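What you see is a predicted model; the values in this text were computed from it and never measured.
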Amino acid sequence: MPRVLPLEYTRNIGIAAHIDAGKTTTTERILFYAGRLRRMGEVHEGTATMDWMDQERERGITITSAATACEWRGHRVNIIDTPGHVDFTAEVERSLRVLDGAVGIFCAVGGVEPQSETVWRQADKYRVPRIAFVNKMDRNGADFYKVLDMLQDRLGSNFVPIQLPIGSGETFTGIIDLVQMKAITYEEGSQGVSYLENDVPDDLLENALQYREKLLETVAEFDDRLLERFLEGQDISPEDIRPALRQATISLKAVPVTVGSAYRHKGIQRLLDAVVYYLPSPSEVAEVRGVLPHSDEVVVRRALDDEPFAALAFKVMTDPFVGRLTFIRVYSGTLRAGVYVFNTSSEKRERVSRLLEMHANDRTERKEVYAGDIVAIVGLKNTTTGDTLCDEQSPVVLEKIEFAEPVVHVAIEPKTRTDQEQLFVALNKLSEEDPTFKIKVDEDTGQTLMSGMGELHLEILLDRLLREFRVQANVGRPQVAYKEGFGKPVHGTGRFVRQSGGRGQFGHVEIDFEPGEPGSGLVFESSIVGGAVPREYINPVRNGIEEAMTIGPVAGYPVEDIKATLVDGSYHEVDSSEIAFKIAGSIAFQDAAKKSRPFLMEPIMDLEVVVPEQYLGDVMGDLNSHRAEIHGINPRSDAQVVGATIPLSETFGYATRLRSLTQGRGVFTMQFAKFREVPQSLTDEIVAKVRGVDSSQ
C-alpha cells in the first residue's frame, strides 16, 4: 500500500523547553486547531491529553515524552512532547536524536531558564533546525524584547523574529506577522478560532518595519535575487521570503522567532504555519550515517522508501494493554507488520507482531510504515533504547544515544517474600524503559540499589512500582553516587604468579597511571616494544584495570578519569594466560591507587532559585549554610533569581526547606554540573560512615 502523503509533506518535530514554559499546553492547542482534539485539555486541571500518566496529571508536569500526529495545511506533523524537568532529560535526549526539527518554547517572563539552555545544547549536538516560540505573553511582566536579548546572549544562535506581539500582559491582543506585514488580533471568547487580519497600526509600524528589515537582511543572504531586490529597495513578497528563510533555518543559520499565549489561544495557528513553512521534511535533512557491523566502514541511508530498511529504537515502554512497546524512527525503506527484522546491536532476528501509530496512550493499527515515520512496534523482545533495526541482507549500525550517568541512589527491598520476585521483574522492566535508571546489587551488603537522576526521578519510579506493578517495597534515604580520583601520576607493578603442580599462572606488568581529563573514563595505551607483553595479553590487562576501578581505595566508590600506559612487563612461554594478565593489571591498579593521593569526588549541581524579594535574605542564608556558592542575583519583574552551585548531598529535602522559607512561593530548578573534590573533613566523615555500615553487616 503506497504512502498517503509524499515524504516532503511530513514534519517530525519535538516540543522542548524548561519546566512550566507551556510545552504541553501548546501541544494541546496544536492538536485542537489541527482537528485532532474536539476539546482542549488543561495541565492544571489534569485533563491534558499528552500528560496521560497518573503521576503527570497529579503533579502537573510531563514525565515521559509522548508521541502524536496531526495534519495542517496538507502536511502530516508528527509531534513528540518532551519533559522539562531536569530529572527526565534522557527523554529529551532520545527524542532529539530522532527528530528533524524542534520548537523551543520560552516563557515571556522567565526567558532563557537553565533547562532551556540544556535542551538547546542537546539540539545543537544533533544539529536539529529549530523555531523559537515566546509563550505566556498574557502574563504580568511579559517582555518579548528582553527575552529576545536573552536568546541572543545565552544561546548564541541567529534569532530572527518573524512575529512581534501587540501589547503584553493583560493588553496582549494579537501579533504582527512580519512576513505578510499584517496585524492579527484575536476575538476574546472564541478560543482563538476567530481573528481579524488588518494592516499594521500606525503606532506600531516603525518598530515593525525595523524588525522586517532585519528579517529581509537574513533571507537576502540565501538568495542573490532577493539580495538585489533588497538593495534596490523593491518590495519582497511572502512567497519570496519563505523559501529563503526555510533554507536559512534548515542550514542552522537562523532561528525564526514566533510569539503568542498558548493558554489564551493566541498565536498557535501561526506557529503551526511556521512549522510547515520553515522546518525540514525527512528528505531535507542530511542522510543518516552508520557503519557495517564489526567494522568502521561507513554506510549511508537516505530517506527513501525504496532504500533498504533501517530504523533506530529510541524508547521502550510497557503498555498495560498490549505489552512491551518499542518506539522507532524509520530512516529508510518500509516495514510491514508480521515480518522479521534484524537487530544489529543484539545480533538477533525479531518478529514485528504489530505496528502502532501513537496518540499519547491511544493507538491506531498500521499495516505498513515508511521512511520518516515514527511508530511503535509490538513484539520485540531483545531490543533496547539505541538499538538499530534493519534488513538482514543490508545490515547497518546507527549511532547509539549517549545518556548521562545517574547521580542519586537508594536502597530498596521487598516488604514481603511474595513481593521479592515481582520486585525484580518490575525493576528490570523500568530499567528497560529508562536508560538513566540503573539497578545493581551491592556485593558487600547484599542490598539492591536503584540509581537515578534525582529525587523526583526516583520518587516517580517508586510510585510506578506501587501503582502499575503492585509491588510493596521499603526504600532507604537517597544517597549520593560519589566517585574517586587519582591526585598525582604514579607507577604500579602487577605480578601474578601461581604454581600448583602442572601448568601454573604467570603475568607481570608495569603501568604508569595519571589523572585523566574530566569525563574521559579510562584511557588505556600500550607503549610495549619488543614483545615484553605479547599482543594477545594487552587487552586482558585493560580489562583487569577496568574491573579494579569499580572499587576505589578511599571509600570503595568507582574510580573515574584515569589514563593508564602499559610500559613494560614479562611473560612465561608456558604459564602465561589471559586470566593471569587480567589479574596482573588489577594488581597494578591497586598498587598504584594506594600511592596516588586518591580523593573522593561529589556531584555538584547548578541551582537556580526564583524567590520573592522579601524572602531573599532567608533563602541566601540557607544556601550559604549548605555549602552553596552564589554566582549571581538577577532581578525579574516579580522576583529575584539566585544562581548558585551546590553539592548534591546538600539538596535532599531542599524543596521542603524552600517552601517553609518562602511560604510556598519560591521555586527552584537544578541540574548536574560536574564532579568536584570533597573537602577532607567531609571525606573522613563519609569514609567513617561507609566503614561503619560495612562493619555492622
Heavy-atom side-chain contact between [X] and [Y] under 4.5 Å:
X: Tyr145; Y: Leu164; value: yes
X: Thr383; Y: Ile377; value: no
X: Leu658; Y: Val609; value: yes
X: Tyr9; Y: Val276; value: no
X: Arg130; Y: Trp120; value: yes
X: Cys107; Y: Arg139; value: yes
X: Tyr278; Y: Pro129; value: no
X: Asn135; Y: Tyr263; value: no

So with a 6.0 Å cut-off around CZ of Arg154, is the heavy-atom count from everything else above 12?
yes
Around atom CZ of Phe652, are there more than 12 heavy atoms from other residues, nucleotides or ligands closer than 6.0 Å?
yes
Any side-chain to backbone donor/acceptor pair from Arg676 onto Pro603? Under 3.5 Å, distance only.
no
Under 4.0 Å between a side-chain nitrogen and a carboxylate oxygen: does that hold for Arg76 and Glu357?
yes
Looking at Phe327, is Arg329 sitting on its ring face, NZ or CZ under 6.0 Å from the six-membered ring centre and within 45 degrees of the normal?
no
First locate atom [atom1] of [X], then atom [atom2] of [Y], and finally report the distance between them rounded to the nearest 0.5 Å.
X: Met549; Y: Glu560; atom1: CE; atom2: CD; result: 6.0 Å
X: Lys253; Y: Leu245; atom1: NZ; atom2: CG; result: 13.5 Å
X: Leu607; Y: Leu623; atom1: CG; atom2: CG; result: 6.0 Å
X: Leu461; Y: Leu427; atom1: CG; atom2: CG; result: 9.0 Å
X: Ile374; Y: Leu99; atom1: CD1; atom2: CG; result: 5.0 Å
X: Thr258; Y: Leu271; atom1: OG1; atom2: CG; result: 4.5 Å

How close do Ala123 and Leu96 get, counting heavy atoms only, and between which atoms?
N-CD1, 3.7 Å
On a heavy-atom basis, which atom in Arg11 and which in Ser281 lie closest, and how many Å separate them?
NH1-CB, 3.4 Å
Does Met450 form a side chain to side chain contact (heavy atoms under 4.5 Å, CB included) with Leu462? I'd like the steps, not just the answer.
CA-CA 10 Å; Met450 49 187 279; Leu462 291 167; 3.9 Å; yes
Side chain to side chain contact (heavy atoms under 4.5 Å, CB included), that's the test. Do Leu449 and Val410 meet it? Break it down for me.
CA-CA 6 Å; Leu449 299 176; Val410 295; over 6 Å; no
Apply the test salt bridge (Lys or Arg N to Asp or Glu O under 4.0 Å) to residues Lys146 and Asp149: give CA-CA distance (whole Å), side-chain angles for both, the deciding distance (0.1 Å), then the verdict.
CA-CA 5 Å; Lys146 181 183 173 186; Asp149 289 340; over 6 Å; no
Audit row: Leu458, Val408, side chain to side chain contact (heavy atoms under 4.5 Å, CB included) steps and yes/no:
CA-CA 8 Å; Leu458 293 177; Val408 181; 3.8 Å; yes
